[in-house]
Asker: 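Please see the structure below; I have some questions.
Quick note on labels: first sequence line is chain A, next is B, and so on, each numbered from 1. Small disclaimer: the values here were computed from a predicted structure and weren't measured.
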Protein chains: 2
Amino acid sequence: MTIREVAAIAGVSPAAVSRYLNGGSLSEAKRAQIRRAIEETGYHPSAAGQMLRTGRINQIGVIVPQINSESVGEVTAGVAEKLASSKYVMILGSCALNEETELEYLQSMQANHVAGIILMGTAYSPSHAEAFQRCRVPLVVTGQKFPGVHCVYHDDFGAARELAGHMIARGHRHLGYIGVNEEDPAVGLERRRGVQAAMEEAGMDPEGLARVAGTFDPKTGETGLLQLIRQDPSMNGIICATDKIALTTMQALKRLGRRIPEDCAVAGFDDNWAGTLSEPKLTTVHFYQKQCGTEAAAMMLDLLNNGAQTPVRQTKLGYTLVERSSI
Amino acid sequence: MTIREVAAIAGVSPAAVSRYLNGGSLSEAKRAQIRRAIEETGYHPSAAGQMLRTGRINQIGVIVPQINSESVGEVTAGVAEKLASSKYVMILGSCALNEETELEYLQSMQANHVAGIILMGTAYSPSHAEAFQRCRVPLVVTGQKFPGVHCVYHDDFGAARELAGHMIARGHRHLGYIGVNEEDPAVGLERRRGVQAAMEEAGMDPEGLARVAGTFDPKTGETGLLQLIRQDPSMNGIICATDKIALTTMQALKRLGRRIPEDCAVAGFDDNWAGTLSEPKLTTVHFYQKQCGTEAAAMMLDLLNNGAQTPVRQTKLGYTLVERSSI
DNA sequence: AATGTGAATGAAATCGTTTACAACAATGTT
DNA sequence: AACATTGTTGTAAACGATTTCATTCACATT
């Protein structure tokens, strides 16, 4: 089904159909005929023809560190939801946690003439900075605040500060922190710094924070806990960089015979569903991951419509403290 | 930089350059000239032109019911992993659980000339059957066994039978089943039938199974449990269609003061991570979701290479019973 | 009545590639 | 020597969309 055939059915020229689709001056009568013809035939314009003629393609590249992760799934769902009502489709590149792949996708997607790229950020290195600068299509980064690029990110620092402040206010003043790879600015650095900021505000020494840097693997909770106890045997409050780590930590604590939260409070980030099942239920922070995806997609659509030369936009999203019973 | 310019530099016709790139008969002399011209100019053929001319595009459409779900994420990751080492990229369509969108994507992706489509199956209706038959590009369905289409699916029936058999063998002979929408053949029907098959093998009346059909929402566990108890107050074993439902059911049972598994055993499907945290730990069935994705992608690549006219292939994947302490 | 304005319209050119076709040369076969 | 066979080569016609250009027409302004 080509634009010619549709035009023939509607009794107009192919140019008129193109104008109908892309917005050009057209009488209401023809508009109606064309609408009917398109509905009748289920015509969709060929991406190939469009791309050849315009040099652009109605596809937006989405680069994610891995797909099989809850937060990534939420963001992607948000992007998909927003894009569904646009003319753009989403082409997905998963890096399988390999950092080089991220930059390769950035390259190959541009070579494939995508209209724009949404990148779920993880680590930030000089080669990232260079690749971002060199990017010839609009680029939106989610989940991280990188300098000089359009971003939609979470208030990891604020969330951590409030969470830790809450824990301190409840009397847990010997804090421990189980973190992840600090090359990830948002999850690795900001959350830890937020905790330390809360300590400072409470008149405590931020360097007194017992801490270990693990990985995103939940097992980090178990191994991390043992290291933490060695660092500070009197520790009575643990904040973990993710709920998965926190839940594993809780299990390990229980095995050691400690009561939660009386002997030691625990908290995490992400509002994982499993946190509603544990005993006690996990206090955590809810981030608006799906909204992050829709915001990023909206920003991208705006960039594509109004030209990419606008000043750098960096949107910070809020969070909600979810108080349950582990503090 | 177009094929014409390269041809001019090499002193040959554009056709010769095309033959050089795609493998046609060509003298060694011209071959060398063209090689030099291409290296000199850094020419790369335009995907748009190729696509338009050949009608094919190096993209594989993946249609999923929703992205933000663990099993979908796993399958998608498997597909992505396999595709990464091929020349194809993945274009993702998420249906947001809307069944019509599924068929719309099937349409629009074909209109966009994708090379093939991988569809994560959910419901199966006459309009699905028709759309599948009418599909002009290779189609692989995952997670469901539909007649007449290439499929990669799980042994839901066998898994349910073994799981229920296990429960019966441990003395839980008054069974209840909390299911989901039975328009989903795999999760809705096969799992329930497997349970009933096990009952029959144990000399029980399969119609004696107390059962309710809920939704994928975990809350189904709570509401379903109450209905089940009303149907059969002496019930001492519950099988749930998913782990999420099972975990909620366990919570509700505990609130009613029942001991698990002494008063009532519980089991689910999917090997959700949360099942390792609950008290008691959840007995479940592990399906190989990621493998399902890689197998489907491998099948697709094979179909694309060796022509789609091969007989219908339906690959059944295995499962592993994960015995923990809820039975 | 003459002129200017702007919207509506279709014909035709264009994008970069592949490939059917025909032409040709070089070789082997009778 | 005539003929078939094989392998190289270039020409030109697609593929399906967008967009420039020129034309028409209706209406408002002088």
Asker: Looking only at heavy atoms, which two atoms of A/T142 and A/C292 are closest? And how far apart?
Answerer: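 Shortest heavy-atom separation between A/T142 and A/C292 comes out as CB-SG, 3.8 Å.
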Asker: Which distance, rounded to the nearest 0.5 Å, do you find between the CG of B/D184 and the CG of B/D156?
Answerer: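 Those atoms lie 8.5 Å apart.
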Asker: At what distance, to the nearest 0.5 angstrom, does NE2 of B/H128 lie from CD of B/E99?
Answerer: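 So the NE2 of B/H128 and the CD of B/E99 are separated by 4.5 Å.
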Asker: Taking atom C1' of D/dT18 as reference, at what distance in whole Å does atom NZ of A/K87 sit?
Answerer: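 Value for this atom pair: 12 Å.
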Asker: Can you tell me if A/Q107 has over 12 outside heavy atoms packed within less than 6.0 Å of its CD?
Answerer: no
Asker: State whether B/K290 and B/E81 are salt-bridged, where the test is any N-O pair (Lys NZ or Arg NE/NH1/NH2 against Asp/Glu carboxylate O) under 4.0 Å.
Answerer: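 A salt bridge is present here (some side-chain N lies under 4.0 Å from a carboxylate O).
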Asker: Give me the distances for all protein-to-nucleotides 14-16 of chain D N/O pairs that come in under 3.5 Å?
Answerer:
from	atom 1	to	atom 2	distance (Å)
D/dA14	N3	B/R53	NH1	2.7
D/dG16	N2	A/G49	O	3.4

Asker: Give a yes or no on this: more than 12 heavy atoms of other residues, nucleotides or ligands lie within 6.0 Å of atom CZ of B/R313.
Answerer: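 Atom CZ in B/R313 is crowded, with more than 12 foreign heavy atoms closer than 6.0 Å.
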Asker: What residues from residues 18-35 of chain B pass a heavy-atom cutoff of under 4.0 Å to DNA chain D?
Answerer: B/R19, B/S25, B/L26, B/S27, B/K30
Asker: Rounded to the nearest 0.5 Å, how far apart are CE of A/M51 and CE of B/M51?
Answerer: 4.5 Å
Asker: Both A/A15 and B/P14 contact DNA chain D. Taking the nearest nucleotide for each, which residue is further toward the 5' end?
Answerer: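 Its nearest nucleotide lies further toward 5', so the answer is B/P14.
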Asker: Working to the nearest 0.5 Å, report the span between CD of A/E295 and SG of A/C151.
Answerer: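 If we round to the nearest 0.5 Å, A/E295:CD and A/C151:SG are 13.5 Å apart.
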